[in-house]
Number of protein chains: 2
Amino acid sequence: MPRVSESHLNARREQILAAARICFLRNGLHSTSMQDLIKEAGLSVGAVYRYFKSKDEIINAISETVAGGLVILLHEIADDESLSLMDALTKVIELIDRQVAPDGAFPMAMQVWAEALIDPKIGEIVRNRYVEMRVPFRKLTERALARGELKPGADPDAVSATLFGIIPGYALQRQLVGFPDKDAYLAGLSALMTH
Amino acid sequence: MPRVSESHLNARREQILAAARICFLRNGLHSTSMQDLIKEAGLSVGAVYRYFKSKDEIINAISETVAGGLVILLHEIADDESLSLMDALTKVIELIDRQVAPDGAFPMAMQVWAEALIDPKIGEIVRNRYVEMRVPFRKLTERALARGELKPGADPDAVSATLFGIIPGYALQRQLVGFPDKDAYLAGLSALMTH
DNA sequence: CTGTCAAGAACGAGCGTTCGTTTTAAACTG
DNA sequence: CAGTTTAAAACGAACGCTCGTTCTTGACAG
């Protein structure tokens, strides 16, 4: 199929990335062979190598996109001024809970994090994503401070970092051991914050 | 060296595991070849395969031991009744901070976690370790409740799970992006808990 | 025709592991 | 306490296989 439309090219690219995600979740980044991935995509070797010039490039592309949707959703929560701090955190936990599933972002994210410690390029991608993700928590913190929902004079940077920690704090436990569920975690959080 | 002492055998085993840890931290679990690991240990192929019958067995052995030291140290903190809840949490964060370094347990733990999602055997090891690690947090929670340092009537399971979340909440940020440092995180934690 | 895209056979490198051989220190012997 | 035996421990060449990638070939829309 020569001189094909641009949307076709993008679709092919996405088809390869979708297959890669499936394989990476099933077998991990490095135990997935190009042949696995190619078979999953239903394409030929040559086709895949037309769109990505190496396996590393595929891993990079996936690392770039793994947290993209999450950032947007976090902003939506942070921008809803009708929510109290605790209500917003509840929505955050509910959001994270949805990511802790084979079709959520979290299992893939864990693969990427492990890789980030090994491959500096992935490390930088992860750092950049983190910076983006902290913004909504900063917003949340500032509003809570202004409303007197937090101890007056508290350092917004420190508090938002600690609030951000709720994400890995909950998700890692939930993903790796199944416990606690979101209601228990929220109950614990509420107990800590309201004494 | 035939009919060699048991301590010699253990030393050899540990020598191999130490080399494996170095390699796994440098290149990851699956990008480390047996030959890398064997070279790092300064042994021959045959020697290594006398002590471990496969690469998987080495990865399993390392997964088993990655959190061992940490559990003991957490218990020491939890057993010190002279500490207030916040003081104990401060010591926990200081402990975790020491694990976020090439010679600490955390970078290896992250590799193991990623593997836990792929390999059910590793998954079970991680789950078992988690159960052990939650015990000191449960102790901490119960004492804090008895002392009135927490909201009366709060569910101890829920609170201890949330407190446990401090570990990944802090460590993951610190490991992957460098920020926040322990003082900032503790300041944020304190601000959340003392309003 | 022409230029783009897809196909898949082929390639060298490196993988995890096996196994026949050599080395070595403890155990046995007188 | 020396000489000999013995079997555990260590060695490393070799194996079959799979890896990521390249490249030649053919198909087809413009």
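Chain letters run A, B, ... following the sequence lines, proteins first and then strands; every chain starts at 1.
- Straight-line distance from the OH atom of A:Tyr49 to the P atom of D:dG20: 7 Å, rounded to whole Å.
- The distance between atom NE2 of B:His8 and atom C1' of C:dT24, rounded to the nearest whole Å, is 11 Å.
- Residues A:Ser63 and A:Asn60 have side chains that never bring a donor and an acceptor to within less than 3.5 angstrom of each other.
- Whole-Å rounding puts the A:Ile16 CD1 to C:dA6 C1' distance at 11 Å.
- Atom pair B:Ile38:CD1 and C:dT17:P shows a separation of 10 Å (rounding to whole Å applied).
- Distances shown here put every side-chain N or O of B:His30 at or beyond 4.0 Å from the OP1 or OP2 atom of C:dG16.
- Judged purely by distance below 3.5 Å, without hydrogens or angles, the side chains of A:Asp97 and A:Tyr170 pair a donor atom with an acceptor atom.
- For B:Leu43, whose side chain is taken as the heavy atoms from C-beta onward, the closest listed nucleotide among D:dG20, C:dC5, D:dC11 is D:dC11.
- For B:Ser44 and D:dA10, the shortest distance from a side-chain N or O to OP1 or OP2 is not below 4.0 Å.
- Under 3.5 Å, the side chains of B:Asp56 and B:Ser54 contain no donor-acceptor pair of N or O atoms.
- Both A:Gly46 and B:Ala47 lie near DNA chain D, and the one whose nearest nucleotide falls closer to the 5' end is B:Ala47.
- Per the geometry, CG belonging to B:Asp56 stands 13 Å off C1' belonging to C:dT17, to the nearest Å.
- Look at CG on B:Asp36: it is 11 Å from C1' on C:dC15, rounded to the nearest Å.
- With D:dC11, C:dT17, D:dT21 as the choices, the nucleotide that has an atom nearest any side-chain atom of B:Gln35 turns out to be C:dT17.
- For B:Asp157 and B:Arg134, the salt-bridge test passes: some basic side-chain N is under 4.0 Å from an acidic carboxylate O.
- Closest to the A:Arg50 side chain, of the nucleotides C:dA6, D:dA9, D:dT22, is C:dA6.
- The side chain of B:Tyr51 lies closest to D:dA9, out of C:dT18, D:dA9, C:dC15.
- Taking the side chain of B:Met34 as heavy atoms from C-beta on, and the options C:dG16, D:dA9, C:dA7, the nearest nucleotide is C:dG16.
- When hydrophobic clusters are built by joining Ile, Leu, Val, Met, Phe, Trp and Tyr residues whose side-chain heavy atoms come closer than 4.5 Å, directly or via intermediates, B:Ile167 is grouped together with B:Leu186.
- Using a 4.0 Å heavy-atom cutoff across all strands shown, B:Thr32 reaches sugar-phosphate atoms only and no base atom.
- Taking atom CG of residue A:Leu37 and atom P of nucleotide D:dC19, one finds them 12 Å apart after rounding to whole Å.
- The phosphate of C:dG14 (OP1 or OP2) has no side-chain N or O of B:Ser33 nearer than 4.0 angstrom.
- Among the nucleotides C:dA6, C:dT17, D:dC19, the one closest to the side chain of A:Arg12 is C:dA6.
- The distance between atom NZ of B:Lys39 and atom P of C:dG14, rounded to the nearest whole Å, is 12 Å.
- Nearest to the side chain of A:Val45, among D:dA9, C:dA6, C:dG8, sits C:dG8.
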